[in-house]
Number of protein chains: 2
Amino acid sequence: MDLLVRKLAARDVVPEDEQQALRAAATETVPYAAGEEVVREGERQTVSRLLVSGLIARVKLLDDGRRQITELHIPGDFVDLHSFLLKRLDHDVIAVTPARLVSYPHEGLRKITEQWPHLTRLLWLSTTLDGAGHREWIVSAGRRTAAEHVGHLFCEFLLRYEVVGLGDRRRCPLPLTQQQLADACGLTPVHVNRVLQELRHEGLLEWRAGELTVPDFDRLAQVSRFDPAFLNLIREPR
Amino acid sequence: MDLLVRKLAARDVVPEDEQQALRAAATETVPYAAGEEVVREGERQTVSRLLVSGLIARVKLLDDGRRQITELHIPGDFVDLHSFLLKRLDHDVIAVTPARLVSYPHEGLRKITEQWPHLTRLLWLSTTLDGAGHREWIVSAGRRTAAEHVGHLFCEFLLRYEVVGLGDRRRCPLPLTQQQLADACGLTPVHVNRVLQELRHEGLLEWRAGELTVPDFDRLAQVSRFDPAFLNLIREPR
DNA sequence: CGGGACCTTGACCAATATCAATGGTCGTGG
DNA sequence: CCACGACCATTGATATTGGTCAAGGTCCCG
């Protein structure tokens, strides 16, 4: 919850009473094991979930086994706030690492939309930030080279972890396998491996034991054509 | 406006008083010429715009000229409702054909969030539908072949036009150039051309004079691995 | 000590991009 | 009414990126 407030506070003021209203809407905290499914595509949802710890992926599957990760969530992210409105998701949500999620029943979220218009707008904002992230991924998949794509994703991670105070632009957690990174980038694990070697040889990054280290963020950002504008890190009234 | 109601009514009941509240929030209708810019990336917005006629694209540009269309809007779509919350967009919005857009000042939308919680949720829903569309595009760019990608986009168009009553699953407007289609799919115009020939030779589609004709929707959907679930065409309380 | 998951490497291949030309269509002005 | 130019579609030859297949190698954990 605190992490969500930190994330929202990077974009607007979050008054104390709204923070309390949010807190009041939460029910239990549920732990998941690595690889466990949190939400299955198409099933009717009655709660949305906020990630407290761990890493979560939204995964879309094609019938012949092809898979694409469409978003990776870090602590402080609502992993399926959109299920409040969509009711049924178009994708699975799975725990990449062990994770803990706090439930927000839709009933309580509905009450928030009836009593807390500004808080409602902040939650709505949170889903539009997801949308902006999606658009950036479309660009990466459509028009960036494999190396730019991987580098861009890493830059995104560093800044998002920085926002919630769990990393900075030099280092952040990145507990993924190369296979999973490939699924996020729409590449082959073999090719991801080659791209990583290239980036490592150029001294742009290190990635070991689930932790990413980038000695010179600006250089990686430049090589990857990374522009942080899509993160909408501007504090103003919403 | 009627088109927006039709689009929303495909997902929930829209009471008459909410329709009126929406209508009251609109101000003027603005015409745009083909190719004209509607919104420039990064500029502060004070209104959102609903498309009444024509075709609109959201375009992201890289500094070296690469361009990616991240969404195509048909009548009945809010082209930048997300600017109500983001205030500054991460992309340009341009008119592909001559178009007319109705303005909804953010001030009026804010009032809606304060007085019409259910209508607010419907508008929020509308932006999450955009998000679901984005995810499908990520999959297309990352894990579908060029032919599947193009075919998938065409299926999406047919169904979206059907929802607002401006087409059906046999035919719909598609006033794009091959270059623009290439920018939407992250392909080269040359390759898009070859893919189109292939699809045409297999009798899957015709596309002339800005109109798409698909003799057998199910066959194209199957070939393209199209699953309409992401369009969330389910009528239920939100 | 053994097995499994993950990473790495090499050889080869396929999908798509690039480059360069040609031809069609349509609106406009002479 | 015709000629021109602009934009768009098409085609062929060739290049490149990233995929496929297959074989180790490493590391961790039971």
Side-chain angles (χ1 to χ4, degrees), chain A residues 33-36 55 62 64-68 94-98 140-153 174-201 205-212 223-225, chain B residues 33-36 55 57 62 64-69 94-98 140-153 174-201 205-212 223-225:
Chain A
E36 199 176 345
L55 188 69
L62 299 190
D64 60 358
R66 284 177 280 181
R67 72 169 43 214
Q68 173 75 44
I94 63 162
V96 173
T97 64
S140 286
R143 295 300 190 201
R144 281 191 253 257
T145 66
E148 287 169 350
H149 194 160
V150 170
H152 196 280
L153 183 59
L174 193 72
L176 288 174
T177 66
Q178 292 186 4
Q179 171 69 255
Q180 289 162 339
L181 180 57
D183 284 336
C185 293
L187 297 167
T188 285
V190 174
H191 197 62
V192 161
N193 184 279
R194 293 195 257 252
V195 163
L196 286 170
Q197 314 239 352
E198 186 189 319
L199 293 172
R200 279 195 281 244
H201 282 141
L205 56 89
E206 284 175 67
W207 178 25
R208 273 197 322 272
E211 190 174 75
L212 174 69
V223 165
S224 311
R225 261 90 176 186
Chain B
E36 200 176 343
L55 189 69
L62 299 191
D64 60 358
R66 283 178 280 181
R67 72 166 47 213
Q68 174 74 43
I69 293 175
I94 63 160
V96 173
T97 64
S140 285
R143 294 299 190 201
R144 280 190 253 259
T145 66
E148 287 169 349
H149 194 161
V150 170
H152 196 280
L153 183 60
L174 193 73
L176 288 174
T177 66
Q178 293 185 5
Q179 171 68 254
Q180 289 161 339
L181 180 56
D183 284 335
C185 293
L187 297 167
T188 284
V190 174
H191 197 61
V192 161
N193 183 279
R194 292 195 249 254
V195 163
L196 286 170
Q197 316 236 353
E198 185 189 320
L199 294 172
R200 277 196 283 245
H201 281 142
L205 57 88
E206 285 175 67
W207 178 27
R208 274 196 323 273
E211 191 174 74
L212 175 68
V223 164
S224 311
R225 261 88 176 188

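Quick note on labels: first sequence line is chain A, next is B, and so on, each numbered from 1. Since the structure is predicted, the reported quantities are computational estimates derived from the model, not experimental observations. What's counted below: heavy atoms across the whole structure, side chains too, no hydrogens, waters or symmetry copies.
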Nucleotides 11-18 of chain D: which of its N/O atoms have a protein N/O under 3.5 Å away?
residue: D/dT11; atom: OP2; partner: B/Q197; partner atom: OE1; Å: 2.7
residue: D/dT11; atom: OP2; partner: B/Q197; partner atom: NE2; Å: 2.7
residue: D/dG12; atom: N7; partner: B/R194; partner atom: NH1; Å: 3.4
residue: D/dA13; atom: N6; partner: B/R194; partner atom: NH2; Å: 3.3
residue: D/dG18; atom: OP1; partner: A/A146; partner atom: N; Å: 3.0

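- The side chain to side chain donor-acceptor pair (under 3.5 Å) check on B/T97 picks up nothing, with sequence neighbours excluded.
- Residues meeting the side-chain contact (heavy atoms from CB on, under 4.5 Å) test with A/V223, sequence neighbours left out: A/L204.
- Sequence order on DNA chain C of the closest nucleotides to A/G142 and A/P189 puts A/P189 first from the 5' end.
- Chain B approaches DNA chain C over the interval C/dT16 to C/dC19, counting the first and last nucleotide 5' to 3' with an atom under 4.0 Å from its heavy atoms.
- Residues passing the side-chain contact (heavy atoms from CB on, under 4.5 Å) test with A/R225 are A/R144, A/E148, B/D63, B/D64, B/R66, sequence neighbours excluded.
- When the C1' atoms of four end pairs are superposed on the next four at each end of the helix from C/dC1-D/dG30 to C/dG30-D/dC1, using five pairs per end, the two resulting axes differ in direction by 30°, to 10°.
- Residues satisfying the salt bridge (Lys or Arg N to Asp or Glu O under 4.0 Å) test with B/E36, not counting sequence neighbours, are none.
- Legend: residues meeting side chain to side chain donor-acceptor pair (under 3.5 Å) with B/E198, ordered by chain and number and at least two apart, are absent.
- A/H149 is linked by a ring pair (Phe, Tyr, Trp, His ring centres under 6.0 Å) to nothing, counting only residues two or more places apart in sequence or in another chain.
- By the side chain to side chain donor-acceptor pair (under 3.5 Å) test, B/Q179 pairs with no residue at all, sequence neighbours left out.
- B/A34 and B/V96 get closest at one heavy-atom pair: CB-O, 3.7 Å.
- The stretch residues 176-184 of chain B touches DNA chain D through B/T177, B/Q178, each having a heavy atom within less than 4.0 Å of the strand.
- For B/E211, the salt bridge (Lys or Arg N to Asp or Glu O under 4.0 Å) partners are B/R171, not counting sequence neighbours.
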